[in-house]
Every structure is written in structure tokens, then in C-alpha cells.
Amino acid sequence: MAELTTDIQYLKGIGPQRAKALGKLGIATLRDLISWFPRRYEDRRETRRIADLVPGESACVAAMVAAPPTTAHIRKGMDLVKVRAVDETGVLDVTFFNQLWLKNDLVAGETYYFYGKAEGNLLRRTMAGPIVEREDRREVTGRIVPIYPLTAGLSQLVLSRSIRQGLDQCADILPDVLPDEVRRAHQLCRIGYAYENIHFPESEEALSLARRRLAFEELFLFTIGLRQLRRRREVLHVPPCGAVDMEVFYAALPFSLTGAQRRCIDEALADMSSGTPMNRLCQGDVGSGKTMVAAACAYFAVKNRRQAALMAPTEILAQQHYGGLAPLLEPLGVRCALLTGSTPARAKRDIGARLAAGEIDFIIGTHALITGSVEYADLGLVITDEQHRFGVAQRTALAAKGLHPHTLVMSATPIPRTLALILYGDLDVSVIDQLPPGRRPIETYAVPGSYRPRIYAFLEKLIGQGRQAYIVCPMVEENDELPDERKAVTEYAKQLQEQVFPRLRVSFVHGRMKPKEKDAVMAAFAAGEADILVSTTVIEVGVDVPNAAVMVIENAERFGLSQLHQLRGRVGRGGHQSYCILISDNQSEETRARLRVMTRTTDGFRIAEEDLRLRGPGDFFGQRQHGLPGLKIADLGIDTALLREAQEAAEDLLSRDPGLIAHPATAERAAVLLRQNEDSMN
Ligand code: ADP
Ligand code: MG
């Protein structure tokens, strides 16, 4: 008898060859097979009459083959089978490509079901390459049909037949990991029904019940796993930090901290004083002042005689942090140092020796901080800035340099709370939801490309007043091929320099440059050696150029709102009134609605919520290294209510049975799910 762990090649009706094809999708076991969920469905239940076919729409017709099919050999590798079919309302001419066997299979006088896109006109209906099935052997017509993600060498039919085989063989062995009382309390269907109907739905209602049940289960298990992860950390004991007179630090600052900064600092200090390792995310919009939160925590750790490290994703950011923090902290007795890839070898050795000897209290740097040879005397606090730029491996590598050090990650990507819960599950979250006083909101405009002359004149005027500008250049995809960013940026910069701004200094930066080159260009721009910086989105990371007052974004429709917000955050960092100009010729209602959000608010969290509503969660996870936890079926964009329900159910169960003693299957699935997703989690 089959088990969920059975290798699919031993399943009835599958065999080694199909198993190999399925293996390319990562399907190895019976469980993998039945958990390969459809990407979408096609409703092929309705049968139309030929006269009712609408050109351009897919539909199913039942029609009798009127005459034996004919064949035609058009060119090498292209054979056609043509057949005329009729019903009482009209004639349908059907063409098949490279399916020569149909010549014999389609018998005149018999009725078949054809499903495909109708073409032609009122007088002559046609279908090219439809699915055809005999009246008495309908499999993929006359029902709601699942459409699966595929790979080369595998067809929808083969895949759905394999899944059918799989389902038939595990009907009785599917364990229900949802405790019965949870299932009933939340009106969730049984597991067998759910699997059956997610693949082969009887009706729309059945499909939606199945989906709801499986999504709930996934979110429920995930929550349980995360809670257990947290418990593992909470039982670790580290020496609690003692009280420190923070007023000394606050008094040294050139400004007073905002209430939100103070609250985040207090939360972090409380963590460090608690006796278990801190694992906190400090989330704050661009310009909200996260660096000072980091500095306060470092000061606190150092005064507790521990070392602190701050890791930034780029050399220039690390330099900026060092340049800002060392003059502040050194007079307070914190010995600071900068360590990056371009630190000369001798200085590196020297810093390494002092770190190991405990003669450096606060080290600021890049990945150089985690190279194998760097050792710390007693690393007590690890801070990573712009955390989405780091892979988990890099963050854990730094943490591994100490013994359960406290960790603080800082992010400017505003994640809606609902998502933060699942994405950062094991992290405590502090939010800096307030900007330092005196900031002037960035004026934002969405305009069509025809405004370019006016925009250029505006840039010229501001630059004449001493400001600088960023331009995110257009990037168009041709024939589905990814755009060549190097070419796009260099050509656009050249054109601007030669034809539009001959008297200004235009520089450029793109992601294909070496990190060193990139940093050099950014540093030169920060030093005021260029007026305009043309780039792709590489400028997204938090470099501070207070003098930059305009951000122009071409093809603004290409970006998610959160990304636009990040880009916009590059300006408005000094005292100057700043502007963001979004250029787009895309007139679709959706694009206009999205860009309108940008012109109306500068609140990153509101923008993130809007983005989630308009585009779904892909944008938050898309290119980010932390990735979406491997949710197979739940969609965080639409299942937020379900997420809350599942979380409550999970908390409720854990409060009654913390060790899941009575629910071993639930505990085990949660652990497996978590293990599979460890890479994408913090
Ligand atoms: P981000 O959160 O984007 O990392 P930064 O820490 O770089 O923000 O701070 C942005 C700017 O605001 C810096 O120039 C910083 O000195 C300044 N700043 C931070 N906190 C305050 C404050 N409480 N009052 C005034 N200015 C502040
Ligand atoms: Mg920052």
C-alpha cells in the first residue's frame, strides 16, 4: 500500500519515465504529487452551440464530424489535420497541428467535444488546435479543469492524470493535521474532500471550500512552527544587560530624538536586559532616523562591556555610518572602527587584532565583518542595516561570531503588519512611525512623457540653485527579453549629456558595474561632483545625499508602489524642498490609480497597504532575498482575514496544549514546513 512518502515511480500508473518528468518539477513523493496545486482553472462545463460561439472566446462545443478529416503537409515539421464538424446551428472548421493520428481517430458521423478558442466570423466559425474528446470519454471537458504549472516534457493531461492516480491511491491515508475541534470551529472541510476538489472541483463552491481549508491549514501550521521557533530562542539564557545612563548619550546628540525613536530604543534595551537574546526588527520609513536607534543600542551594549557590530550592504553606506557615528560615540568612550573590503591589508590586520583583543568596542563595516578570519573578543550585539539586502546566511554568519548575540535588523521596507507577522514571524517588531520634525513632504507629480521639456527646464533651474537630481532611466522590454540595463543607462545618460544638458555634469550608475565602480560614482555624486545621476534602481539603498532634491522616474508604471516609495526616499533628506516626478504614458486605470497614491501620500505604511491591495504581496517578496515563505496555496494578498483566523486558532491550540502532546501529527507537519522554509526566514 502506498504512503505519502512513497516515491512516485512506484505508484500504479506512473512508472520511472513519468516520475523523471515529474521530478523536474520537484515532485518526488506521493505527498509532493498531490500537493502540486493548480495555478488556475478553466471552466469547461458549459457546452455551446456553434452559432453561439463568440470569436476570441474559449468555449466548448459538441459537434458531429461531417466528413473524414483531411491532412496537409505545410512544411517540415508542420502537418495539419482538418475536419469539418456540424451541429443543428452551423458549421465549425477545425484545424489540428502535428496530431496526425487524429486523421484516423475522428470518425465521420460521430459526435465529439471540442474545447478551444473560437475564431472566424458569423458565416464561418473556426477553431485552431482545440482539445477534442469523444462523447463517451470526457476527461478534460465538461468540468472545471485544473491548469498546472508545467515544465518541458510534461503536458497538462499527463500531469492531471498522474495526480488523479495519486489521489486515488491516498484517499484513505491522508492524515488530517487540523484537530477536529479547530476544523469544526472554523467551518473547514475534511482533508480528503479538500484535496479532491482543489484538483478536480465538482463546483465553484466546492473549489472555494477546498482552497479555504488548505490555505487555512498552511497558515495554521506556519504559525505553529514560528511560535515553536520563538520558544526555542526564549529558553536560551544570556547574561542580562545592566542599566546604563542613556542621558549621557542623548545629551550628546545634536537634536532630540523623536518619540518613536525613543520607543524603539526602549524596546530594544528592554530586550537586551531580559536575559534572552534580542531578535528585533526596527522598521522605519526612509529618513525616520534608524541610524540613531542603532547607535543607542550599540552605546548600551558597549557600556555593558560587550562589543557591537553594524553591517551595511554597501561600502559607501558603511562609510557614511562610520563618518556620522564615530565622532558622536568616540567622545563618549566608545572605540569605533571601520572595516570594509577596501580597508588596506595592514589596517585590516591591525583592526582584526584589536577586535580580537577587545580594544575596539563598535565596528562598522560591510561583509568584511563576517569573513572567516575576523574574530571578536565578545560580540554582544549585531546590527544589520537595510536587512533585505542581506541573505540569511550573511546575517547568521555575523551572529555566529558571538555567543547568542543580540540582533537588531533595520529595514526601510514598510511591510504591512499582517505580512510582517508571517514574514518576520520569529522577530519582534518595532516601528518608527514618525519623521523627525521640520521635514517638508516631497512634492510628487505624475505626468505623461510629453512633459519632458518642462521637467528638463525645471531640473536646470534647481541645479542652477545648487541642487542635484536623480533620474531613474526608462527600461523597456523587447519581445519578452529582459532589458539590457547597461545599455539603457549609458545611452540615456549620453543622450541627456549631449542633447539636453550640455553644460551640466551627468554621471551614471547601473547594476552591472563592479561594486567598487558603483561606490566610486555614488561617492562622487554625494561629494557634489556631478549634477545629475542617471541610474537603474541601484540607488534604492539608503545612501544619504542631502543636496539631492529631485527624483525623476521614467516608466514609473514598471514599479511597485513600495519601490517607488523607496526611490523617492533618496531625496528630501536635507532641508531643501524636494520633488519627485513620475513619468508614465501608461493610461490604464490601474496605473493611474497607483501613481495617484504616490502623489497623495508620503506615508510608507499606507503606501505598502495600498500596494498590497492593488498588486498582491509579490512586490514585497519579488526580488527581495528574504523571499516569500514557501506558501503553496495561501495568498497573503487576499487571505489576510484567513491568516488572522488561522493565527488565532494556532495560539488557542498552543495555549491549551503548548507542547502539542495531544497533536503529534500537527507538531510534525509544522516542523517540516518550517524546515523547508528556514532559508527564507529570519
Ligand atoms: P534612515 O531611517 O533612513 O536610516 P537616517 O538614520 O539616515 O534615516 O536619518 C535621516 C536623517 O535624519 C539623518 O541626517 C539624521 O541625522 C537625521 N535625524 C535622525 N533623527 C533625527 C531627529 N530626531 N531629529 C532631527 N534629525 C534627525
Ligand atoms: Mg538608513
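Start at 1 and go down the list; that is how both ligands and their atoms are numbered. Note: hydrogens, waters and symmetry copies are ignored here, and every other heavy atom, side chains too, is used. Just so it is clear, the model here is predicted, and its values are computed rather than measured.
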Proximal atoms of ligand 1 relative to [X] (non-hydrogen, under 4.0 Å):
X	result
Thr291	4 (O), 5 (P), 6 (O), 7 (O)
Arg573	3 (O), 7 (O)
Leu257	23 (N)
Pro436	20 (N), 21 (C), 22 (C), 24 (N), 25 (C), 26 (N), 27 (C)
Thr258	23 (N)
Ser288	2 (O), 8 (O)

Side chain, backbone, both or neither: which part of [X] comes within less than 4.0 Å of ligand 1 when only heavy atoms are counted?
X	value
Gln261	side chain
Ser256	backbone
Asp285	backbone

Less than 4.0 Å is my threshold; does some heavy atom of Gly287 fall inside it relative to ligand 1?
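The answer is yes, since Gly287 has a heavy atom less than 4.0 Å from ligand 1.
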Return yes when atom CZ of Arg596 has more than 12 non-hydrogen atoms of other residues, nucleotides or ligands closer than 6.0 Å, and no otherwise.
yes
What do you reckon, is CD of Glu517 surrounded by more than 12 foreign heavy atoms closer than 6.0 Å?
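Above 12, so yes.
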State whether Tyr250 and Arg262 meet the cation-pi test: NZ (Lys) or CZ (Arg) under 6.0 Å from the six-membered ring centroid, and within 45° of the perpendicular axis.
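Ring-cation test returns yes.
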[Y] versus [X], side-chain donor and acceptor atoms under 3.5 Å:
X	Y	answer
Asp271	His406	no
Arg568	Thr444	yes
Ser411	Gln283	no

Hey, do the aromatic rings of Tyr492 and Phe508 have their centres closer than 6.0 Å?
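Ring-ring flag for Tyr492/Phe508: false, centres at least 6.0 Å apart.
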Is it true that Glu610 and Arg606 make a salt bridge, defined as a side-chain N closer than 4.0 Å to a carboxylate O?
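No, Glu610 and Arg606 are not salt-bridged.
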Can you check whether Gly289 has an N/O within less than 3.5 Å of an N/O in ligand 1?
yes
Met292-ligand 1 polar pair, N/O distance under 3.5 Å:
no
